[in-house]
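The chains referred to below are lettered A, B, ... by the order of the sequence lines, with proteins before strands, and numbering in each begins at 1. Keep in mind that the numbers below use all heavy atoms, side chains included, and drop hydrogens, waters and symmetry copies.
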Amino acid sequence: MSEIQKTSSNQDNTDLDKPELDNAGKASKNIVAIKDVSFGYGPRLVHSGLNIDIERGSITTIMGPSGCGKSTVLGFIGGRISPQKGQVIVDSKDIASLNNTALYELRKSMGMMFQHNALLTDITVFENVAFPLREHTNKTEQEIADMVLDKLEHVGLREAADLYPEECSGGMQRRVALARAIVMEPAIVMYDEPFTGLDPISKGIITQLIAEMNERLNITSIVVTHDVPEACEVSDQIIVLAGGKALGKGSPEELMSSDDPAIKQFMTGAPDGPVAYHYRSQSNESEGGH
Amino acid sequence: MKFLVTPIQKLGATVIDLVYSLGSIGLFFYRILSALMTPILRPALLFTQLYMIGVKTLIIILVSGLFVGMVLGLQFYTNLVDFGAESQLGLLVALTLVRELGPVLTALLFAGRACSALTAEIGLMRATEQLDAMEMMAVDPIKRVIAPRYLAGFISMPLLAAIFTLMGIYGGHLVGVSVLGGDSGIYWSAMQNGVDFYDDVLNGFIKSIVFGAVITLIAVYQGYYSPRNSEGVSSATTRTVVVSSLLILSLDFLLTSLMFS
């Protein structure tokens, strides 16, 4: 995919929307670079020497078996989780070197759709989507209403603006979360398991919306999912994680035709293969126990 | 040797946990203090919480205050009559409420009604990733969620204690004077002559401020750091009520010994 420069219409974040320039004065090709990252929860090592590059303007899907640390990667990019080793570079900024203020400033150029939507339950759909605008911009009520209703129109929920999250179905809540993630028109949008628990129609709608928003708003999309068909439909690049590393990277076609048994097993959903189904504790693994 | 080492290890672990918790709550308190300008500059956030925390606790405070005062009126009057000292009823009821029962019972009720709700609400926001979502939207939850709630609790508690005390004094009057036949003028004049503004009213007010500051801090801390599951939120809520109640009673002794001894 050709490099796409961010040209946001959001005037309050003009500085944030400008990609940082490298030494040659050009915007770096990769908006996210994860370099040799290791991370574990207690004795359990989740990532060991993980390397991921995400191209500006692309849709990248991170896949892998449960517990392989897919969502953790989003935590690294958003600065919510610090790796124990290695570097996470987002928009040419080393996340570990940022202080709290700088990190929050960087997050203004990110949007995130959480696995369980994480909508604020005491305010309406409209207010949920308006939340980042109210917090970070000085827009008038009319401007906020225009932006929010525009985003709700795109996700097909303009008439649900006055509902509370609890009054919406799972699919509707997912679309509200998507509208909230893109309302600031950020440079990067992260989707954590956007298809989980949705019916086929809702899955199709979300898939379409991710592609559409990426194209229309010139954003970089990072999707974490298990769903192979949806991932293949929407992605420019798929990264398969397993065993703490990126097992394979490439376009959906390249991965579907890969000869690597682990990638093949994951892409076809085969029960038998090199990726273990049974959970192994760290001590058991090191002893080669059963 | 194991029977000797294990208890020592456990004691050591408990002490380390305690020191860690104190350090953690101290840092958390510092973060709240640093964030207090947000609810001051955005009063809508504060007023919403004053309503949720203060106004919604008002009914239980009014009713409890009235009944506590009525019980005091009944008990004191029936005993004072035996000694011909029923003229001191107003003074006794007022001093008991202003110095002790007003701040202490209000704080206990506040912990049970408002603080438990605070912990559960913040804990659920943590469990349902609402606080994480705010962080990812570059909104500091300490400023947006915690500081307004803390300030609202801090403001509400002394006001509720004052209302509790007033209701108690009225309840004492209702039983001691209206029902049992004591003299109304003596009830109020004994109170007016015997209750000192600085020694009694102000000290009682300071107590309620201290209780409010401490138990609201416990509530928001427990909620903010509660584990991300239903059992964790439930335990955090229980811990808020238990720890707050114990702190109220122990701090009351400490403050009383400093103020009135």
Side-chain angles (χ1 to χ4, degrees), chain A residues 12-13 16 71 74-81 90 98-123 127-137 165-166 173 176-184 186 188-193 222, chain B residues 27-28 30-35 37-39 41-53 55-56 117-149 152 223-230 232-233:
Chain A
D12 293 300
N13 289 292
L16 287 164
S71 299
L74 299 186
F76 295 152
I77 298 168
R80 288 187 302 124
I81 302 173
V90 178
L98 300 178
N99 62 21
N100 217 31
T101 312
L103 180 62
Y104 271 65
E105 206 55 38
L106 181 65
R107 281 177 181 164
K108 288 181 189 170
S109 63
M110 298 181 192
M112 180 150 179
M113 184 174 146
F114 281 79
Q115 187 174 357
H116 301 293
N117 308 317
L119 297 176
L120 304 177
T121 48
D122 57 338
I123 53 178
E127 288 301 327
N128 262 286
V129 180
F131 187 83
L133 294 171
R134 291 200 196 285
E135 292 292 324
H136 298 307
T137 69
E166 64 189 20
Q173 288 186 18
V176 177
L178 196 155
R180 187 178 67 180
I182 58 168
V183 73
M184 293 280 285
I188 304 170
V189 179
M190 295 179 273
Y191 303 88
D192 193 0
E193 306 280 8
I222 306 167
Chain B
L27 286 173
F28 186 71
Y30 172 73
R31 288 175 69 190
I32 294 174
L33 291 181
S34 313
M37 280 314 285
T38 301
L41 294 174
R42 294 173 65 181
L45 291 177
L46 179 62
F47 291 146
T48 307
Q49 293 310 318
L50 280 172
Y51 174 76
M52 299 300 288
I53 293 169
V55 176
K56 286 194 168 181
L118 267 182
T119 303
E121 184 193 14
I122 298 167
L124 275 171
M125 288 180 86
R126 171 66 75 199
T128 54
E129 295 182 320
Q130 292 180 51
L131 298 182
D132 299 282
M134 280 190 193
E135 284 178 3
M136 280 310 298
M137 288 188 276
V139 176
D140 186 354
I142 298 283
K143 288 181 181 168
R144 184 64 173 69
V145 176
I146 304 298
R149 283 163 175 76
Y224 196 76
Y225 289 106
S226 76
R228 295 164 181 260
N229 53 54
S230 49
V233 176

Among B:Leu131, B:Val139, B:Asp140, the residue with the most heavy-atom pairs under 4.5 Å to chain A is B:Val139

So, the part of A:Met112 with a heavy atom under 4.5 Å from chain B: the answer is side chain

Rounded to the nearest 0.5 Å, the OG1 atom of A:Thr121 sits from the CD atom of B:Glu121 at a distance of 8.0 Å

Heavy atoms of A:Tyr104 and B:Pro141 approach each other most closely as OH-CD, 3.9 Å

| said: For B:Phe28, is the CZ atom crowded, meaning more than 12 foreign heavy atoms sit under 6.0 Å from it? | reply: yes

Nearest heavy-atom approach of A:His136 to B:Ala138 is CE1-O, 3.1 Å

Using modelled atom types and a 3.5 Å cut-off, is there a donor and acceptor pairing between side-chain atoms of A:Arg107 and backbone atoms of B:Glu135? yes

- For A:Glu135 and B:Lys143, run salt bridge (Lys or Arg N to Asp or Glu O under 4.0 Å): C-alpha distance rounded to whole Å, both residues' side-chain angles, the deciding distance at 0.1 Å, then the answer. CA-CA 11 Å; A:Glu135 292 292 324; B:Lys143 288 181 181 168; over 6 Å; no

Honestly, the part of A:Leu119 sitting under 4.5 Å from a heavy atom of chain B is backbone

Nearest heavy-atom contact between B:Ala133 and A:Arg180 is CB-NH2, 3.7 Å

d(B:Glu129 CD, A:Arg80 CZ) to nearest 0.5 Å is 7.0 Å

Honestly, the part of A:Met190 sitting under 4.5 Å from a heavy atom of chain B is side chain

Ranking B:Met125, B:Met136, B:Met137, B:Met134 by heavy-atom pairs under 4.5 Å to chain A gives rank one to B:Met136

>> Is it the case that the side chain of A:His116 and the backbone of B:Ala127 share a donor-acceptor pair, with hydrogens and angles ignored and the cut-off at 3.5 Å?
In response: no

